[in-house]
Amino acid sequence: MKFTAEQIAGILEGEVVGNLNAEVSKLSKIEEGEEGSLTFLANPKYINYIYTTKATVTIVNDSFIPEQEITTTLIKVEDAYAAFSKLLHFYNQVKLNKNGIEPQSFMSEGTKHGENLYLGSFSYIGQNVVLGNNVKIYPNSFIGDNVTIGDNVFIFAGAKIYSETVIGNNCTVHSGVIIGADGFGFAPNENGEYSKVPQIGNVIIEDNVDIGANTTIDRATLGSTIIRQGVKLDNQIQIAHNVEIGKNTVIAAQSGVAGSTKIGENCMIGGQVGIAGHLIIGNNVRLQAQSGVARNIKDDEVLQGTPSLGYTEFNKSYVHFKNLPKIVAEVQELKKQIINPKNGNNG
């Protein structure tokens with residue numbers, strides 16, 4: 001896809017200084033700019049690069065005045081960083097705006113879908129599936145029976161959406177995601193073996209949720225596993241059966257939440273955090289990376305460590321932990337002085 005400086009300026013409501021017809025087809029950093037690329041200058045630390053960059057077009061703040069000769073065409077805007085971010089969003093929409101049903105895909109009878117559906121090759125759509133408008137399902141994806149998907153949803157290649165799952169509007173499901181697999185439910189029997197407990201619930205994903213690559217969200221034993229509006233899940237996260245995650249909570253990669261735990265709204269959970277089952281995590285909670293949580297947490301708590309402590313308490317304790325060898329040596333010396341006091345003083 002090629003765009004002229006004039007077209008880009010129209011999207012950004014900016015002013016072109018230079019060649020209106022300068023064409024670009026890719027994006028670049030300003031220090032790595034090359035012919036045919038578009039870049040931006042927002043950080044003053046990079047201002048020297050604008051005089052050497054080979055990028056064809058550069059977005060700058062409207063206050064920028066060149067002090068040397070430049071070869072790149074400028075697009076002047078109020079806020080270069082915000083404008084470039086807007087352009088990235090626009091570019092992504094154009095790039096991902098595929099339509100049509102490709103060969104070798106399969107759609108069961110009874111499937112209902114809205115306008116502008118894209119169904120990639122080797123994808124499978126089960127029975128009684130309902131798809132909204134502008135749904136994009138990339139190749140090698142699986143959509144099970146009785147799934148409902150809202151408007152403006154992206155299901156990237158290789159994702160697996162099990163039966164009865166409900167996905168809202170404006171959601172993104174990245175490659176390798178599995179939604180609705182059985183929860184880890186087994187009961188010991190009289191022979192010391194484990195019998196499977198049927199998992200007959202489902203998963204509900206509300207609006208504006210992003211789910212990172214290879215994340216897994218298990219179906220409920222009964223009822224629903226629920227991911228509330230605006231939740232953002234990173235890659236390689238495990239969400240167990242009957243978990244509920246409150247709206248606008250974000251969780252970083254490699255974290256795991258055990259069954260039936262309820263996480264509140266607007267929480268921030270770092271990478272590799274482990275949360276035990278059947279807990280209640282309040283609103284606005286902050287869990288630092290690699291924390292291990294085994295108790296209920298009240299609103300607004302900030303925790304770190306395993307088992308998790310208050311953030312300030314953890315840091316104070318860590319100071320002593322680092323000094324343990326020195327402290328032990330001092331204790332040993334004190335013991336020697338008590339057992340073998342100098343000058344025969346036993347007092």
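Along the sequence shown, residues are numbered consecutively beginning with 1. Note that this is a predicted model, so its numbers are computed, not measured. These numbers come from the heavy atoms of this one structure, side chains and all, not from hydrogens, waters or symmetry mates.
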Tell me the closest heavy-atom pair linking [X] and [Y], and the distance in Å.
X	Y	result
L117	M107	CD2-CE, 3.7 Å
G270	A252	C-CB, 3.6 Å
I237	Q254	CG1-N, 4.0 Å
I11	F90	CD1-CE2, 3.4 Å
F156	S141	O-OG, 3.3 Å
Y162	R219	CB-NH1, 3.7 Å

I'd like to know if the side chain of [X] reaches the main chain of [Y], judged simply by a donor and an acceptor atom lying under 3.5 Å from each other, with no hydrogens or angles considered.
X	Y	result
S37	S28	no
S163	D145	no
S175	A157	yes
K232	N208	yes
N242	T221	yes
T53	I50	no
N61	S63	no
N283	G264	no
Q288	Q304	no
K160	G158	yes

Is [Y] close to [X] at the side-chain level, that is, under 4.5 Å between some pair of heavy atoms?
X	Y	answer
D300	V285	no
I75	V60	no
L222	I200	yes
L88	Y91	no
F3	V57	no
T165	N202	no
I125	I137	yes
I59	V77	yes

Does the side chain of [X] pick up a donor-acceptor pair with the side chain of [Y] at under 3.5 Å?
X	Y	result
Y51	E67	no
N146	E164	yes
E35	T56	no
N128	K112	no
Q127	S108	no

Ring-face cation of K196 near F186 (centre distance under 6.0 Å, axis angle within 45°):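 That pair qualifies as a cation-pi contact.
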Could you go through the side-chain contact (heavy atoms from CB on, under 4.5 Å) check for V16 and T73 one step at a time? CA-CA 7 Å; V16 177; T73 291; 3.8 Å; yes
Hydrophobic cluster membership, [X] vs [Y], 4.5 Å side-chain cutoff:
X	Y	answer
V166	I205	no
I70	Y46	yes
V231	I297	yes
F40	I30	no
I251	L279	yes

Between R295 and E301, is a salt bridge (charged side-chain N to carboxylate O under 4.0 Å, His left out) present by the stated rule, with each step listed? CA-CA 12 Å; R295 64 173 176 86; E301 287 197 62; 3.4 Å; yes
Between [atom1] on residue [X] and [atom2] on residue [Y], distance to nearest 0.5 Å:
X	Y	atom1	atom2	answer
T39	F84	OG1	CZ	5.5 Å
I245	T225	CD1	OG1	9.5 Å
E244	I263	CD	CD1	10.0 Å
S105	N140	OG	CG	11.0 Å
Q238	S255	CD	OG	11.5 Å
I281	K262	CD1	NZ	12.0 Å

Decide if the gap between the ring center of F106 and the ring center of F122 is smaller than 6.0 angstrom.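 So the answer is no for these two rings.
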Could you walk me through whether K136 and V153 pass the side-chain contact (heavy atoms from CB on, under 4.5 Å) check? CA-CA 6 Å; K136 313 299 179 184; V153 173; over 6 Å; no
Give the C-alpha distance, both sets of side-chain angles, the deciding distance and a yes or no for salt bridge (charged side-chain N to carboxylate O under 4.0 Å, His left out) between E32 and K54. CA-CA 8 Å; E32 299 173 358; K54 296 180 181 179; over 6 Å; no
Decide side-chain contact (heavy atoms from CB on, under 4.5 Å) for I217 and I211; before the verdict, give the C-alpha distance in whole Å, the side-chain angles of both, and the deciding distance to 0.1 Å. CA-CA 10 Å; I217 304 174; I211 304 173; 3.8 Å; yes
Give the intermediate values and the outcome of side-chain hydrogen bond (donor to acceptor under 3.5 Å, both in side chains) for residues N152 and N134. CA-CA 5 Å; N152 308 310; N134 304 309; 3.1 Å; yes
Evaluate the salt bridge (charged side-chain N to carboxylate O under 4.0 Å, His left out) criterion for residues R228 and E206: first the C-alpha distance (whole Å), next the side-chain angles of each, then the deciding distance (0.1 Å), finally the verdict. CA-CA 5 Å; R228 296 292 183 189; E206 294 188 344; 2.6 Å; yes
Should N116 and N133 be marked as a side-chain contact (heavy atoms from CB on, under 4.5 Å) after you check the CA-CA gap, both sets of side-chain angles, and the distance that decides it? CA-CA 6 Å; N116 302 318; N133 297 319; 6.0 Å; no
Ring geometry between Y124 and F142 (parallel below 30°, tilted from 30 to 60°, perpendicular above 60°):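 Taking Y124 first and then F142, their aromatic rings lie parallel (interplane angle under 30°).
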